[in-house]
Amino acid sequence: MIRQAIIPLAGLGTRLLPITSVFPKELLPINGKPGIEYILDECIDAGIKEVVFIISKKKELIKKYFYNDKLFKKIIKKKKDIRLKHEYQKIKKYKKMIKFVYQNAPKGTGDAVLKTKSIIKDKFFLMLLPDDLIIKRNCSKDMISLFKKKKCSVMASMRVNRKTVNRWGIYSKKSSINKNNFYIKDVIEKPSIKSAPSNNAVIGRYILSKKIFSKLNKLKKGKSGEIHITDAIRKLINEGDIFIGHIFKGKYLDCGTMSGYIKSSQEISKI
Ligand code: G1P
């Protein structure tokens, strides 16, 4: 069973400056709804029962968003606003399932994952990177059903333009399960075009085993001085752990850049 999901939210969002100098990118509305709610809805629909938010002191607005009960109660009582009542019900539902942990220094995704070590209960858990929206199909749900069959780690993936491989984690295949699922031989974080083993990129959905924590514990800083989840995954694969690359069926929207963020609202408004 995959019951818990973790979401790293402590990133600085430099690609979305200047707005992110005062406001967390995950609360920016995408077609009228904060980006983080799309991620939470994907989790709920995939059967996740608890979501761990890894935030920082600088991003406490995210927590605040879910803890405004007094204000909602007051306005709903006064105005009998049906829309607000509905929104408040939704936020209360989210709040019930969210736990917060802190990563106050931006030391990378690997370091963020390590902060959840004492909270993860089961052998496997889900991680979603909030910059990566996948619409039209629940990628987490598809990955969880694959996990139920194969009982191993899974990473979402898509084929990218060779010119852009240095933006992603890139993996090489060991063998194919079928057209859209592969056993992974190796994975490397943001390789140069020359050294990239393929154009299969890792996208921000991962089913990881608890074993990842022991690898992260010992990991040294990697590219750009951060601790990368990809490097810990690589260590597990080298020790014989099985990872599947799953080419997802939905549409990918990159909300971590301004052009991607603008495009996301346009695409979602068409659905
Ligand atoms: C992270 C991962 C990378 C992955 C990407 C997907 O990179 O480190 O392996 O391909 O997410 O969006 P980041 O976006 O944090 O640079």
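Note that ligands are numbered from 1 as they come in the structure, with each ligand's atoms numbered from 1 the same way.
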How far is [atom] from its nearest protein heavy atom, and which residue and atom is that?
| atom | result |
| --- | --- |
| atom 14 (O) of ligand 1 | R167 NH1, 3.2 Å |
| atom 16 (O) of ligand 1 | K190 NZ, 2.7 Å |
| atom 9 (O) of ligand 1 | E189 OE1, 2.7 Å |
| atom 11 (O) of ligand 1 | L129 CD1, 3.3 Å |
| atom 5 (C) of ligand 1 | V202 O, 3.9 Å |

Find all atoms of ligand 1 within a distance of less than 4.0 Å from any non-hydrogen atom belonging to G169, and give their numbers and elements.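 Contacts of ligand 1 toward G169, numbered from 1: 3 (C), 4 (C), 9 (O), 10 (O).
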
Under 4.0 Å to a heavy atom of D132 - the qualifying atoms of ligand 1, by number: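 Ligand 1 atoms under the 4.0 Å threshold to D132: 6 (C), 12 (O).
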
Least distance between heavy atoms, R205 atom then C139 atom: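 Closest approach of R205 to C139, heavy atoms only: CG-SG, 3.8 Å.
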
Record the part of D254 in heavy-atom contact with ligand 1 below 4.0 Å; permitted values are side chain, backbone, both and neither.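 Answer for D254: neither.
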
Between E239 and K211, does any NZ, NE, NH1 or NH2 come within less than 4.0 Å of an OD or OE carboxylate oxygen? no

Could you tell me whether D142 and R137 have a side-chain N and a carboxylate O separated by less than 4.0 Å? yes

Tell me whether ligand 1 is touched by Y206 - counting only heavy atoms on the residue side and a distance under 4.0 Å. yes

Does ligand 1 have an atom under 4.0 Å from some heavy atom of D131?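 Judged by the 4.0 Å heavy-atom criterion, D131 does not count as contacting ligand 1.
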
Pick out which of V187, T109, I188 makes a side-chain contact (heavy atoms from CB on, under 4.5 Å) with T230.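 Result for side-chain contact (heavy atoms from CB on, under 4.5 Å) with T230: V187.
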
Apply the test ring-ring contact (aromatic ring centres under 6.0 Å, His included) to residues F53 and F66: give CA-CA distance (whole Å), side-chain angles for both, the deciding distance (0.1 Å), then the verdict. CA-CA 12 Å; F53 276 16; F66 298 93; 5.8 Å; yes

Identify whether NZ of Lys or CZ of Arg in K117 sits under 6.0 Å from the centre of the six-membered ring of F213 and within 45° of that ring's axis.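 The answer is no; the distance or angle limit is not met.
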
Cation-aromatic face contact K57/Y102, 6.0 Å, 45 degrees: no

